[in-house]
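Order of the sequence lines sets the chain letters (A, B, ...), proteins ahead of strands, with each chain counted from 1.
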Protein chains: 2
Amino acid sequence: MAANANESSVRMAAETWESLFRAQVAVMRKLQAAPAFRTVPVNEYDVLFTLSRCPSGWLRLNELNDHVLLSQSSLSRLVERLEKRGLVVRMPAPDDRRGVLLKLTEEGAAVQKEIGRAHVRDISSLVGPALTAAEQKELQRLTDKLRNSVGARPGK
Amino acid sequence: MAANANESSVRMAAETWESLFRAQVAVMRKLQAAPAFRTVPVNEYDVLFTLSRCPSGWLRLNELNDHVLLSQSSLSRLVERLEKRGLVVRMPAPDDRRGVLLKLTEEGAAVQKEIGRAHVRDISSLVGPALTAAEQKELQRLTDKLRNSVGARPGK
DNA sequence: CAGATTTCCATGCGTTTGCATGTATCGCCG
DNA sequence: CGGCGATACATGCAAACGCATGGAAATCTG
């Protein structure tokens with residue numbers, strides 16, 4: 001049996017994940033504290049951002065939920081708040097009447113752009129000095145690969 | 001001016017961060033849902049884990065706060081809950097009477113080990129199939145480098 | 001060394017979150 | 001077609017969170 005080899009590969013995976021997780025915490029901590037997020041919390045901005053990247057402009061609530069680390073009910077209320085503030089609009093899905101489609105309003109798009117500009121600069125000032133261009137490219141490749149593998153997996 | 005070069009390096013940093021962030025969300029989502037965290041939430045386990053890795057056994061509350069993505073007040077109450085459950089003990093710091101030292105109880109250490117075992121297996125089953133050993137090693141190197149650079153920065 | 005400033009942790013308070021559940025719709029299978 | 005489990009979103013409620021603040025101790029300053 002390759003018990004030792006398994007042990008060590010298990011440990012390596014755990015250490016890899018811890019490094020990734022701690023790096024995310026360290027960066028996120030700085031980003032959250034930045035003035036860009038004084039008016040809109042990070043979670044809410046993330047929704048605006050995802051909507052802004054959506055080609056059709058409309059996105060289903062359940063698809064949105066896959067991108068965000070939030071429960072379904074929390075996302076439901078988060079979107080409710082965004083709608084009250086006039087940043088997004090809801091609409092019943094035409095093909096599935098249980099579903100809800102979301103779209104940015106003009107103001108929502110403007111707010112996203114405004115915050116996004118500052119946010120991107122903040123990111124750059126954190127990541128840029130830390131890693132070379134080649135390292136960033138490689139990090140992106142590895143994290144993309146990880147996310148695709150994890151996301152594609154049969155949940156249960 | 002190298003405006004174009006700056007533009008593209010800014011964009012690359014943003015894309016790198018987004019990949020890292022989404023990968024973290026995807027993995028964390030699976031890990032949170034695992035049965036290992038039915039009794040103790042991830043945030044609380046993270047505190048137990050950090051304490052278990054502490055050489056002296058004792059750790060200051062403010063140092064702990066650097067590792068976790070939580071406000072100071074939330075961490076204060078989180079620790080309060082852990083103490084009520086008998087998993088940690090508090091003690092005034094001897095050299096700085098404002099400070100509070102934390103240590104795992106025997107039960108806390110046992111709980112951490114128990115959950116930790118399952119958690120490490122969950123991580124391995126997610127990360128192992130996704131990345132080769134060499135890729136994991138490289139990912140760890142890059143995220144360590146990123147975290148060190150970000151953490152070492154003058155906070156404000 | 002007195003007074004002002006900063007650091008560390010705790011706490012009041014309003015907001016946000018997750019779990020459990022409710023309601024409506026969809027899709028499947030007999 | 002009719003009944004039944006699965007899916008999508010909303011909502012009641014208790015728990016957890018962040019912000020602002022308080023009090024105590026350390027540190028800085030003149």
(message) Using a 4.0 Å cut-off on heavy atoms, which residues in residues 32-54 of chain B reach DNA chain D? List them by number, or say none.
(response) B:Asn43
(request) Output the rest of the hydrophobic cluster of B:Met91: all Ile, Leu, Val, Met, Phe, Trp and Tyr residues reachable through side-chain heavy-atom contacts under 4.5 Å, sorted by chain and number. (result) B:Trp58, B:Val89, B:Leu101
(message) Around atom CZ of B:Arg90, are there more than 12 heavy atoms from other residues, nucleotides or ligands closer than 6.0 Å?
(response) yes
(request) Drop me the distance from B:Lys103's NZ to B:Leu87's CG, to the nearest 0.5 angstrom. (result) 13.0 Å
(request) First locate atom CG of A:Asp46, then atom CD of A:Glu44, and finally report the distance between them rounded to the nearest 0.5 Å. (result) 11.0 Å
(request) Name all residues meeting the ring-ring contact (aromatic ring centres under 6.0 Å, His included) criterion together with B:Tyr45; count only those two or more places apart in sequence or in a different chain, and write none if there are none. (result) B:Phe37, B:His119
(request) Would you grab the first and last nucleotide of DNA chain D (5' to 3') that comes under 4.0 Å of any non-hydrogen atom in chain B? (result) D:dA16 to D:dA26
(message) Counting C-beta onward and ignoring hydrogens, is there a side-chain heavy-atom pair between B:Asp122 and B:Leu126 closer than 4.5 Å?
(response) no
(request) Taking all non-hydrogen atoms of both residues into account, name the closest pair between A:Leu48 and A:Gly108 and its distance. (result) CD1-O, 4.5 Å
(request) Find the distance A:Leu69:CG to C:dT16:P and express it as a whole number of Å. (result) 18 Å
(request) Using whole Å, report how far CG of B:Leu75 lies from C1' of C:dC9. (result) 10 Å
(request) Between A:Arg81 and B:Arg90, name the one whose nearest nucleotide on DNA chain C is closer to the 5' end. (result) B:Arg90
Can I get a per-line list of side-chain donor-acceptor pairs under 3.5 Å for residues 65-72 of chain B, giving both atom names and the distance, sequence neighbours left out?
residue : atom : partner : partner atom : Å
B:Asn65 : ND2  : B:Leu70 : O            : 3.0
B:Ser71 : OG   : B:Ser73 : OG           : 3.3
B:Ser71 : OG   : B:Ser74 : N            : 3.2
B:Ser71 : OG   : B:Ser74 : OG           : 3.0

(message) Has B:Thr16 got a side-chain atom pairing as donor or acceptor with B:Met12's backbone, closer than 3.5 angstrom?
(response) yes
(request) Run the salt-bridge test on B:Arg141 and A:Glu135 with the 4.0 Å N-O cut-off and return the result as yes or no. (result) yes
(request) Any chance you could list the contact pattern along nucleotides 19-26 of chain C? Use B for base contacts, S for sugar-phosphate-only contacts and - for none, protein heavy atoms under 4.0 Å, 5' to 3'. (result) B----BBS
